[in-house]
Amino acid sequence: MKKILALVLALVMVFACAAIASAEELITVGFAQNGHESDWRVANTQNYNDVLTADNGFDLTLIDCENDNAKQIEAVRNFIQQEVDYILIAPETNVGWDVVLQEAQDAGIPVIIVDRQVDADPSMYTAFIGTNSYDEGVTAANWLDEYMGQKGIEEAKILVIEGSNGASAQIGRTEGFNSVADTKDNWTILASQDGNFTQAEGQEVMESFLKNPDYAGFNVLVCQNDNEAYGAMDAMDAAGVTYGVDGDVIIISYDATKEGLTRTLDGRITCDVECNPLQAEAVMALIKQIEAEEDFELVTYVEDKAFVAPGIESALATTMTDEVLAGRAY
Ligand code: GZL
Ligand code: ZN
């Protein structure tokens, strides 16, 4: 009996040491995630949970900060207290980060800014991996210019439902789109309002647009993410306003999520500009480069494409088909 007990104890010790050893080898990552405001954000969070796994050598703590900068700063301070190996931040807005970035730097913890940008000096963090929102805005406007030429549309009377004001995604898409719009004397931006990247607020903003006689006759709606577009469609349906390839209003959206591309395939969304949420693989590769003391890129933009409804040929965008939709990962 004693021999069996000794054997069992020895086995428990072996497994316990292995567990401790492997726990010591895991790279601890604290991620102050923006929130869960959109399909895009949910896919982005899922991607980190799928990639920064123990099997890949990571111990990830992801905190959903409910789109609140203050909660994100608090989460970062907790990560500093816990002495994690790396901190990731997907900032709600781009301001107010200098103090906590300094605290992380003083604690010797590398910070990687992901998805959206901060306006802090690049010396305050280790690297940025995310989306180039300015280019997305330029792509959207260049496609509209191409489409107006193809269809012989004389003028664009544009309404814009913006993303969360102060988010670099909202700033970039607005500035990128306007950099082209400002060169077009037959384009008029009638209004541009914050829809906070959510379906509910997208609907509210669209309802207020539809009530304003100054905006009657608009023929282009730009939604700075797919969820806002779904809300805007509900509002236009209720008001009897037609949209999409067979309707009176051209809808340009951003994100190109599965639902967004489903609505592009059926022609309700005319053009959907992708913003790739699958960024965790690039973050994992960067951390492993840092761990191996190899050179690494300070700024990495993930690749974005654009998609248009069937029947539209474009040099800038992929025409949607069932196969294209089936091949989408998010
Ligand atoms: C873009 C990202 C934006 C998405 C929205 O990089 O920050 O936030 O476009 C999300 O869907 O809410
Ligand atoms: Zn919530």
Side-chain angles (χ1 to χ4, degrees), residues 31-48 62 64-69 71-72 88-95 97 112-119 128-140 160-177 192 194-203 205 221-233 251-264 269 271-283 299-307 328-330:
F31 182 8
Q33 174 61 300
N34 185 315
H36 55 274
E37 71 285 356
S38 65
D39 296 2
W40 188 97
R41 184 69 52 197
V42 169
N44 182 248
T45 291
Q46 187 58 53
N47 181 235
Y48 278 95
L62 186 149
D64 173 343
C65 298
E66 296 279 345
N67 303 109
D68 179 335
N69 252 27
K71 282 188 185 166
Q72 287 192 289
L88 309 182
I89 304 172
E92 171 64 21
T93 67
N94 58 355
V95 293
W97 293 100
I112 302 170
I113 305 296
V114 294
D115 174 28
R116 297 182 188 171
Q117 314 247 17
V118 295
D119 68 358
F128 168 79
I129 294 185
T131 41
N132 189 325
S133 301
Y134 186 91
D135 282 2
E136 291 163 1
V138 170
T139 298
V160 182
I161 303 179
E162 294 183 6
S164 314
N165 275 12
S168 62
Q170 173 267 324
I171 296 166
R173 287 171 190 161
T174 303
E175 290 181 350
F177 188 91
S192 194
D194 182 354
N196 209 20
F197 287 134
T198 69
Q199 180 162 342
E201 290 164 271
Q203 180 168 345
V205 171
L221 172 67
V222 178
C223 299
Q224 288 189 349
N225 87 330
D226 287 336
N227 293 83
E228 292 175 345
Y230 312 153
M233 287 179 204
I251 294 186
I252 298 172
S253 187
Y254 294 84
D255 281 354
T257 58
K258 193 155 269 181
E259 177 60 25
L261 290 181
T262 299
R263 297 190 189 208
T264 306
I269 291 176
C271 175
D272 204 345
V273 177
E274 181 186 29
C275 171
N276 191 336
L278 306 182
Q279 304 179 1
E281 287 87 348
V283 171
V299 176
T300 305
Y301 288 121
V302 291
E303 193 234 346
D304 285 339
K305 294 199 289 263
F307 300 87
R328 297 293 294 171
Y330 62 91

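One-based numbering, in listed order, for ligands and for the atoms of each. When reading the values below, keep in mind they use all heavy atoms of this one structure, side chains included, and skip hydrogens, waters and symmetry mates.
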Is the closest side-chain donor-acceptor distance between [X] and [Y] under 3.5 Å?
X: E92; Y: N69; result: no
X: Q33; Y: T45; result: yes
X: Q279; Y: Y301; result: no
X: T198; Y: E37; result: no
X: E201; Y: N227; result: no

Salt-bridged, R41 to D115, with N to O below 4.0 Å? yes
I need the contact residues for ligand 1: any residue with a non-hydrogen atom closer than 4.0 Å to the ligand, ordered by chain then number. E37, S38, W40, R41, D115, R116, T131, A169, R173, F197, N225, D255, C275
